[in-house]
Number of protein chains: 2
Amino acid sequence: MLNGGQPCLACPLADCEALHQPPADVRQWIAAFRHGEMRFTRGEQVFAQGTRPTFLYTVLSGVLMRTRLLEDGRRQIINFMFPGDFLGLQAALDAEMSHTVEALTNATLCTFVREKFFDLVAQQPRLSFDLTWLAAHEEAALEEHLVSLGQRNARERMAALAVFLVQRGIDTGIAPGGVLTLTITQGQIADMLGLSLVHTNRTLQTLRRMGLVDWTLSTISVPDIAAAKAYAKIDGSTFSSRPYI
Amino acid sequence: MLNGGQPCLACPLADCEALHQPPADVRQWIAAFRHGEMRFTRGEQVFAQGTRPTFLYTVLSGVLMRTRLLEDGRRQIINFMFPGDFLGLQAALDAEMSHTVEALTNATLCTFVREKFFDLVAQQPRLSFDLTWLAAHEEAALEEHLVSLGQRNARERMAALAVFLVQRGIDTGIAPGGVLTLTITQGQIADMLGLSLVHTNRTLQTLRRMGLVDWTLSTISVPDIAAAKAYAKIDGSTFSSRPYI
DNA sequence: CGTTTTATTGACTAAATTCAACGACAGTGG
DNA sequence: CCACTGTCGTTGAATTTAGTCAATAAAACG
C-alpha cells in the first residue's frame, strides 16, 4: 500500500484492447492528477460500508467485489470489479459508502485524492464523460443482476453469473482462452445469488452435469456461451468498448 | 407531447426543498439548452428497451417506472422514478436502452436533445457533477433493491419497498402527510419484488394485519416508519439533499 | 501432518409457486 | 337501468423450490 509506482505512460491498462486510450496530453494530465498506486492482497478491504474514504480508485489489475451487509449478518454481493473499473463514486460526492469493497485476488489500484474530484470534472470534460459512461454501465450490470434475482430460478441465475464473469474476464483480457482464473467459493456464489449454501452446491452440480458451465473453486469457463445465454435468457445486447480513466 | 411550456425560471422543481437550486446564470443556460416539455399519460412509454432515443429527460412531475423484459415475458421492475430524476443516461452515451420507461401517473418531463449532452458536460461542470451525483444515488437505490431480492423474505421485501416509496414521495414533496397517492397494482408489486401474484397478495394482507403498512391500490403510507425500517432491516443511512438539473 | 476451509450428502421443513376459481368494481353500450 | 367485459383482488389446495439442520468428505494450507 504505497505511493509512487510507474507513471501513467506505462499504465498496464494501455495494452487493453477494450479501453479507449486517451491522447498524450490527457495522459500527462492524469499523471499529474493521480496520487499513486496501492496494492491490496486477497481478502483485504479497500473501503468499508459507512465510511468516507480519502481516496478514489481505478482498478489496474486484479478482481474485487462490492458487498453490502445487514445488521444481522446477512450479506449481499452487489457486483464484481474488474480492471478499468472505478471505485468510490459515492465517496467522490462526499457521501458515505453504502457498501464494502474487498479484493478477491491481489490487486493494484490507481489512487486519486477525493477532494480533487471536482477539478477533474471541471478540467477534463472528456474524462468526466467517461466516468458517466462507467456509471451507466455499472448501472446496467446491476439491472441485469436484479433481473436474475427477481425473475430467474437458481439454475438460470447461476448460468447467468457464470456468463457474466467469463465475459468480463474476456473483455478485460484476464481470461486467456475463455478461462477465468479466479477463486470464488460456493459461499460467495450463494451470497451473490441470494441462495443458501446447500442449494448453491446442488445447483452448481446440476449445471456441471448439464455441461453448461465448468466452474471450480479457482477457475470458471463456459463451454458454449451462446447456449448458456439462451438457457439463462440473456439477450444479446451486451454493450462493450469501454472508455479510459 | 409538445414543446414549449413555461421557461425554467418558472420550473415546478424550484419549490422543491430537497433540490439544490442553481444560480441565475446556470438557470439561464439551462433554459437555452433544454428543448421543451413533454406530457405523458398513465401507461404511456417514454422509451423502449433496445432503442436509442432522441431525447433525454428530467422528471418535472409524476411518477414513472423502469422495467426490463425477458423474451419469455417475465418482467422485472428495476426502479421507480420521481420528480427531479434524470432519464436516459445510457442513451446519453449513445448506447441502446437496456430497459423501458413507462409513466405510472400522468407526468411532465423536461426534454433535452441527446446529441447536445456532451456540451453540457463540457460547459457546465457543476451540472455534470450533479448528474454524477444522481447516477451514484440511483446506483445506491439499485443496491438496496438487490439486497431486498437477495437477502430479504417476502414480508421484509414488501416492507422495504413501502418505506422506499413513501420516503421518496416525502423527499420529493408529493406525499403530503406521509401519504403517497400512487396507483400500483399488486401485479406491479409482484414484478418489482420477484414474487408471484398470489404470494404478493397474501404477504400484503399479512403486513396490513401487522399494522406495518397501509397500502391500497391507490395510496401508500407507513404508520411507523422507524418500526418498518427495523422490521425490514434497513439501516439509517439514507442520503438525501439532492442536486438540481 | 494436523488444522482449517470448502465442498458434499441426506433427511426434514418452510417458503413460495402454480392451478383454478370466484368476487368486487368500473366502464361500455344497448 | 342492466347485462357485458375487463381489470384487479382474494381464496383454497396441491406442488415445487429452496432453506435448515446435521454430519461427513475432500481439498488447501501452514
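Just so it is clear: chains get the letters A, B, ... in the order the sequence lines come, proteins before strands, and each one is counted from 1.
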Check step by step if salt bridge (Lys or Arg N to Asp or Glu O under 4.0 Å) holds for B:Arg168 and B:Asp85.
CA-CA 11 Å; B:Arg168 291 238 50 199; B:Asp85 281 345; 3.0 Å; yes
Decide yes or no on salt bridge (Lys or Arg N to Asp or Glu O under 4.0 Å) for B:Lys233 and B:Glu156, but give the supporting numbers first.
CA-CA 8 Å; B:Lys233 313 280 189 324; B:Glu156 291 169 332; 3.4 Å; yes
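B:Arg208 comes within contact range of the sugar-phosphate backbone alone, with a heavy-atom separation under 4.0 Å but no base atom that close. At a threshold of 4.0 angstrom between heavy atoms, the contacts of A:Leu195 are confined to the sugar-phosphate backbone, with no base atom among them. Note on A:Arg152: nothing from the nucleic acid sits closer than 4.0 angstrom, heavy atoms only. Among the atoms of the strands shown, base atoms are found under 4.0 Å from some heavy atom of B:Ser196.
Considering only the side chain of B:Asn201, D:dT10 comes nearest among D:dA22, D:dT10, C:dT6. Among the nucleotides D:dG19, D:dA13, D:dC8, the one closest to any side-chain atom of B:Arg202 is D:dA13. Comparing C:dA16, C:dA20, C:dA7 by their closest approach to the side chain of B:Val198 singles out C:dA20.
The aromatic ring centroids of B:Phe47 and B:Tyr57 lie less than 6.0 Å from each other.
For A:Gln205 and C:dA7, the shortest distance from a side-chain N or O to OP1 or OP2 is not below 4.0 Å.
The CG-C1' distance, from B:Leu193 to C:dA15, rounds to 15 Å in whole Å. The distance from atom CH2 of A:Trp215 to atom P of C:dT6 is 15 Å, rounded to the nearest whole Å. We find that NE2 of B:His199 is positioned 18 Å from P of D:dA13, with the value rounded to whole Å. Put simply, CG on A:Asn153 is 10 Å from P on C:dT18, counting in whole angstrom units. As rounded to whole Å, 15 Å separates atom C1' of C:dA16 from atom CD of B:Glu156. The nearest whole Å value for the distance from the CZ atom in B:Arg42 to the P atom in D:dT7 is 12 Å. Rounded to whole Å, atom P of D:dT11 lies 11 Å from atom CG of B:Leu204. When the P atom of D:dG9 is taken as reference, atom CD of B:Gln188 falls 9 Å away, rounded to whole Å.
Residues B:Leu197 and A:Leu217 each lie close to DNA chain D; by heavy-atom proximity, the contact nearer the 5' end of the strand is made by B:Leu197.
Annotation for B:Arg75: atom CZ counts as buried by contact number, over 12 foreign heavy atoms lying within 6.0 Å.
Without hydrogens or angle criteria, B:Thr100 side chain to B:Gln49 main chain gives a donor-acceptor distance under 3.5 Å.
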